Amino acid sequence: MRVDPDSRSAQGLTTFLQFVALNVLYIVACVPVVTAGAATAALYEVALRYADEERGYLIRGFLVGLRRNLWRGTAVGLLLGVPAAMVGFAAAFWLALGSALGTAVGTVAVLLVAYLVAALLYGLALVARYADPLGRTVRNALLLPLAEPLRTIALLLRPAVTVSLMYVYPPFVALVVTIGFSVGAYVDGFVLHSVFRRRGGDPTALDPVDPHSGE
């Protein structure tokens, strides 16, 4: 029996295995925690390229992106991720009180967490796609959830559904560990491409940015 490496089934299996390897590599890169921002930016870099029909090498692209985006991705991850985590703890505290005041404050905190998480995802995607200074990247990341509310909801829906499925059906964690992050970033790529196409040429919404040359 001969297997044609150029057949659609063989190419599909190869792509699937690459996404599995990318997922595992991403998890390993996030183990130090502080590198999670840079790892996510690198993951978005290859996912955005793949979602844009450019294809390319997922594993090699991730490693190159991790090295290139190390300090900017880490900085954005800390600047936006730490406040999101702090507000998240505050939301859990207030909601646990069970009082009317606790519910009201907790609800506001949950909305703020959603905004900061969206800004974090946008910020890491901006790191992946544009070679902007850190200050501009963070500012644009904070503006985008307000400028694109519907697409922001779509961007948040994917991780929210993933977390909900893991809570309701714990064995779903196995799928997340296998392909959840890599395929999730690929899905996010379509939403992010839509945002960047809409906002990239609008000087009243975002400053003009230069994409990575040669990427």
Side-chain angles (χ1 to χ4, degrees), residues 3 5-78 80-81 117-118 120-131 137 141 151 154-166 169-196 211-215:
V3 178
D6 295 325
S7 66
R8 288 189 176 182
S9 58
Q11 290 177 349
L13 178 60
T14 300
T15 299
F16 173 76
L17 292 176
Q18 286 182 342
F19 270 96
V20 171
L22 178 62
N23 201 80
V24 174
L25 189 59
Y26 169 75
I27 293 173
V28 172
C30 289
V31 169
V33 180
V34 72
T35 59
T40 304
L43 182 65
Y44 269 148
E45 182 170 329
V46 294
L48 284 166
R49 186 180 299 118
Y50 207 85
D52 201 29
E53 301 293 338
E54 294 181 24
R55 298 299 184 262
Y57 298 99
L58 296 177
I59 305 303
R60 187 171 70 184
F62 176 83
L63 295 174
V64 171
L66 183 61
R67 183 176 65 252
R68 176 172 50 231
N69 301 322
L70 184 59
W71 85 265
R72 291 175 65 236
T74 300
V76 170
L78 293 174
L80 296 175
V117 169
L120 174 62
L121 296 178
Y122 279 128
L124 296 174
L126 288 168
V127 168
R129 190 165 181 84
Y130 300 109
T137 299
R151 287 169 176 80
L155 187 64
L156 291 173
L157 188 60
R158 194 272 308 168
V161 169
T162 300
V163 172
S164 299
L165 286 174
M166 287 192 296
Y169 185 65
F172 186 74
V173 173
L175 186 62
V176 174
V177 172
T178 305
I179 58 172
F181 294 107
S182 57
V183 173
Y186 173 68
V187 173
D188 290 349
F190 293 99
V191 178
L192 293 167
H193 271 307
S194 176
V195 172
F196 293 154
H212 292 304
S213 59
E215 294 300 314

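For the numbers below, each heavy atom of this structure counts, side chains included, while hydrogens, waters and symmetry mates do not. As the structure is a prediction and not an experimental result, all values here were calculated from the model.
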Using the six-membered ring wherever Trp is involved, compare the ring planes of Tyr26 and Phe62 and label them parallel, tilted or perpendicular (cut-offs 30° and 60°).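 Correct class here is perpendicular.
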Candidate pair Thr40 and Phe181, rule side chain to side chain contact (heavy atoms under 4.5 Å, CB included), full reasoning: CA-CA 9 Å; Thr40 304; Phe181 294 107; over 6 Å; no
Output the distance between atom [atom1] ([X]) and atom [atom2] ([Y]), rounded to the nearest 0.5 Å.
| X | Y | atom1 | atom2 | result |
| --- | --- | --- | --- | --- |
| Leu165 | Leu175 | CG | CG | 9.5 Å |
| Thr35 | Leu70 | OG1 | CG | 8.0 Å |
| Leu17 | Ile179 | CG | CD1 | 11.0 Å |
| Leu155 | Ser194 | CG | OG | 11.0 Å |

Does the side chain of [Y] come within less than 4.5 Å of [X]'s, by heavy atoms?
| X | Y | answer |
| --- | --- | --- |
| Thr137 | Tyr130 | no |
| Arg60 | Leu63 | no |
| Phe19 | Thr178 | no |
| Val127 | Tyr44 | no |
| Thr15 | Tyr50 | yes |
| Tyr186 | Val46 | no |

Check step by step if side chain to side chain contact (heavy atoms under 4.5 Å, CB included) holds for Tyr122 and Leu80. CA-CA 10 Å; Tyr122 279 128; Leu80 296 175; over 6 Å; no
Quick check: closest heavy atoms across [X] and [Y], and the distance to 0.1 Å?
| X | Y | value |
| --- | --- | --- |
| Ala41 | Ala128 | O-CB, 3.2 Å |
| Arg151 | Val191 | O-CG1, 3.5 Å |
| Val177 | Asn23 | O-ND2, 2.5 Å |
| Ala36 | Cys30 | CA-SG, 3.9 Å |
| Ala42 | Leu66 | CB-N, 3.4 Å |
| His193 | Ala51 | CD2-CB, 4.0 Å |

Just do the side chain to side chain contact (heavy atoms under 4.5 Å, CB included) check on Leu22 and Gln18 with the steps written out, would you? CA-CA 6 Å; Leu22 178 62; Gln18 286 182 342; over 6 Å; no
